[in-house]
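Down below is the structure, laid out as structure tokens.
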Amino acid sequence: MKSRKLIRVYTGLLIMAVATMTMLCRLKIISQTEVLPRDYPTIEEEKILRLVTEYNQSGYYVAGDTIEGFQYELSIAIAQLSGMEIQTLLEMSLAESFDMLEKNKCDVIARNIPITSEIKEKYLFTEPIILDKQVLIQRTEKANKGFKPIRNQLDLAGKTLYIPKDSPAQLRLQNLGHEIGDTIYVIEDELYSGEQLAIMVAKGDIDYAVCDQQTAILSQKQLPEIDIKTDISFTQLQSWAVRKDCPILLDSLNSWLDQIRKNGTFDKIYKKYYK
């Protein structure tokens, strides 16, 4: 009797084990399905291209009853050429944008990303969209009680500079500190973008911030109190990013961007925001 009971118990446990293994295998298959590469053939079939960008004048923003933004208008020009529907996702953090890209939540990071050797090992980048550099945002002499703006990078010693979280300026400022042989205090702000930090400088809440020159130019149009003439870095190539497993999508983006440049659309959009 005991042996029969044991057999029944073992049989039940075996059935449960097999069922569990089957379920885990199915979950694994589903998981693998979710992360399959989503290259251009899939995107073309769906007729939907998903972009992630920032909520600001450089990316996407609402002005009255219209939607504007440098990256947004480029994406609309691409939609007209490709026949695709563009779905725009918003994310201020560059690190979070890359996470979305890796998880197939978007197809393209449409923002001005500085191309470095380290980042090129992980992602594919379009042909350069713009040339940009990091600049110091500070108050003008008139807006700063007669104190003249910093022009020599040596004078940044001991100063506290604010940058957006995940900003490429972080590494440059570390290197700059070594170059001048002194400490530059850097605070990465987790909440505010370059444009918002520029507002804080203009209001006197902080004294210095660093952001890319294109963002600084856009900010200065609204904030005459800020000075953006002091360079922090050399000029860098900046592009959009796609996953490493999307070479066909990369070729398609480069082709569309090339056509936009040749037909004059790119210059028209660029001058609207940066000139």
Side-chain angles (χ1 to χ4, degrees), residues 51-64 66-81 86 88 90-92 94 97 108-116 125-140 143 149 151 162-164 166-169 172 192-202 208-241 253-254 256-275:
L51 309 180
V52 62
T53 190
E54 307 166 272
Y55 187 84
N56 55 31
Q57 292 183 75
S58 177
Y60 170 112
Y61 73 103
V62 178
T66 62
I67 299 173
E68 297 186 359
F70 176 70
Q71 313 294 354
Y72 173 74
E73 293 204 27
L74 281 185
S75 71
I76 293 303
I78 286 175
Q80 292 171 349
L81 280 175
I86 302 294
T88 304
L90 301 177
E91 174 55 59
M92 295 304 296
L94 181 58
S97 297
V108 184
I109 300 180
R111 55 193 285 174
N112 301 329
I113 306 170
I115 304 175
T116 63
F125 289 88
T126 63
E127 292 297 321
I129 292 177
I130 64 170
L131 296 175
D132 209 347
K133 56 186 173 183
Q134 301 294 320
V135 297
L136 181 67
I137 299 179
Q138 55 191 322
R139 285 183 294 282
T140 62
R151 290 289 177 253
Y162 286 77
I163 61 174
D166 306 317
S167 168
R172 172 55 191 153
Y192 297 130
S193 66
E195 287 182 346
Q196 292 166 318
L197 291 176
I199 294 172
M200 293 177 68
V201 171
Y208 305 103
V210 175
C211 73
D212 62 89
Q213 186 182 47
Q214 305 296 353
T215 297
I217 290 171
L218 291 173
S219 297
Q220 194 179 46
K221 290 181 179 180
Q222 309 297 327
L223 303 168
E225 301 91 344
I226 64 172
D227 177 281
I228 62 172
K229 295 178 181 178
T230 302
D231 295 345
I232 294 296
S233 73
F234 297 110
T235 300
Q236 298 170 298
L237 301 176
Q238 300 197 350
S239 305
W240 290 359
L253 286 170
N254 282 332
W256 295 326
L257 289 169
D258 183 57
Q259 292 178 63
I260 290 169
R261 288 186 186 278
K262 288 179 177 177
N263 66 23
T265 302
F266 181 89
D267 283 344
K268 182 179 178 181
I269 297 172
Y270 184 86
K271 289 176 181 177
K272 175 179 177 180
Y273 290 95
Y274 297 127
K275 296 293 183 181

Without swapping roles, check the side chain of Gln222 against the backbone of Ser219 for a donor-acceptor pair under 3.5 Å.
-> no
With distance as the sole test, does Asp231 use its side chain to make a donor-acceptor pair with the main-chain N or O of Ser233 at under 3.5 Å?
-> no
Shortest non-hydrogen contact from Cys211 to Gly194?
-> CB-CA, 4.0 Å
Are side-chain heavy atoms of Leu257 and Ile129 found at a separation under 4.5 Å?
-> yes
Check Ala209 against Leu197 and note the closest heavy-atom contact, atom names and distance.
-> CB-CB, 3.9 Å
Side-chain touch Phe266/Ile130, heavy atoms, less than 4.5 angstrom | yes
Roughly how far, to the nearest 0.5 Å, is the NZ atom of Lys229 from the CD atom of Gln138?
-> 10.5 Å
To the nearest 0.5 Å, tell me how far Leu90 CG sits from Ser97 OG.
-> 9.5 Å
CD1 (Ile226) and NZ (Lys221) are apart, to the nearest 0.5 Å, by 12.0 Å
Yes or no on side-chain contact (heavy atoms from CB on, under 4.5 Å) for Glu68 and Tyr61, after CA distance, side-chain angles and deciding distance?
-> CA-CA 5 Å; Glu68 297 186 359; Tyr61 73 103; 3.0 Å; yes
Scan side-chain atoms only and decide if Tyr55 and Glu195 contain a donor-acceptor pair under the 3.5 Å cut-off.
-> no
Looking only at side chains, do Gln71 and Asn112 share a donor and an acceptor under 3.5 Å apart?
-> yes
Minimal heavy-atom distance between Leu74 and Ile260, with the atoms involved, is O-CD1, 4.1 Å
side-chain contact (heavy atoms from CB on, under 4.5 Å) between Leu136 and Ile228, intermediate numbers included | CA-CA 6 Å; Leu136 181 67; Ile228 62 172; over 6 Å; no
Side-chain touch Trp240/Asn254, heavy atoms, less than 4.5 angstrom = no
Would you mind reporting whether Tyr270 and Arg261 have side-chain heavy atoms less than 4.5 Å apart?
-> no
Hey, could you give me the CD/CD distance between Gln57 and Gln214, rounded to the nearest 0.5 Å?
-> 12.5 Å
Reported OG1-to-CD distance for the pair Thr126 and Gln238, which is rounded to 0.5 angstrom = 11.0 Å
Taking all heavy atoms of Ser75 and all of Ile86, pick out the closest pair and write down the distance.
-> O-CG1, 3.6 Å
Least distance between heavy atoms, Asp132 atom then Gln213 atom | OD1-N, 3.0 Å
Got a sec, which residues hit salt bridge (Lys or Arg N to Asp or Glu O under 4.0 Å) with Asp227, two or more places apart in sequence or on another chain?
-> Arg151
Tyr274 side chain reached by Leu218 side chain, heavy atoms, under 4.5 Å = yes
Check: Gln134 main-chain N/O paired with Asp212 side-chain donor or acceptor under 3.5 Å | no
When you look at Glu225 and Val201, which way does the side-chain contact (heavy atoms from CB on, under 4.5 Å) test go after all the steps?
-> CA-CA 9 Å; Glu225 301 91 344; Val201 171; over 6 Å; no
Salt bridge flag under 4.0 Å for residues Glu54 and Arg111 = yes
Distance-only donor-acceptor check, side chains Tyr273 and Glu73, under 3.5 Å = yes
How about Ile78 and Leu253: do any of their side-chain heavy atoms sit closer than 4.5 Å?
-> yes
Sub-4.5 Å side-chain heavy-atom contact between Val62 and Thr66 = no
Exam field: side chain Thr53 to backbone Tyr60, donor-acceptor pair closer than 3.5 Å = no
Where do Val108 and Leu51 land on the side-chain contact (heavy atoms from CB on, under 4.5 Å) test, with the steps shown first?
-> CA-CA 5 Å; Val108 184; Leu51 309 180; 3.3 Å; yes
Charged N-O contact under 4.0 Å between Asp267 and Lys271 = no
OG1 on Thr230 to OH on Tyr208, rounded to 0.5 Å = 9.5 Å
Which pair of non-hydrogen atoms, one from Leu81 and one from Trp256, has the smallest distance, and what is that distance?
-> CD1-O, 3.6 Å
Tyr162 vs Val210 side-chain heavy atoms within contact, under 4.5 Å | no
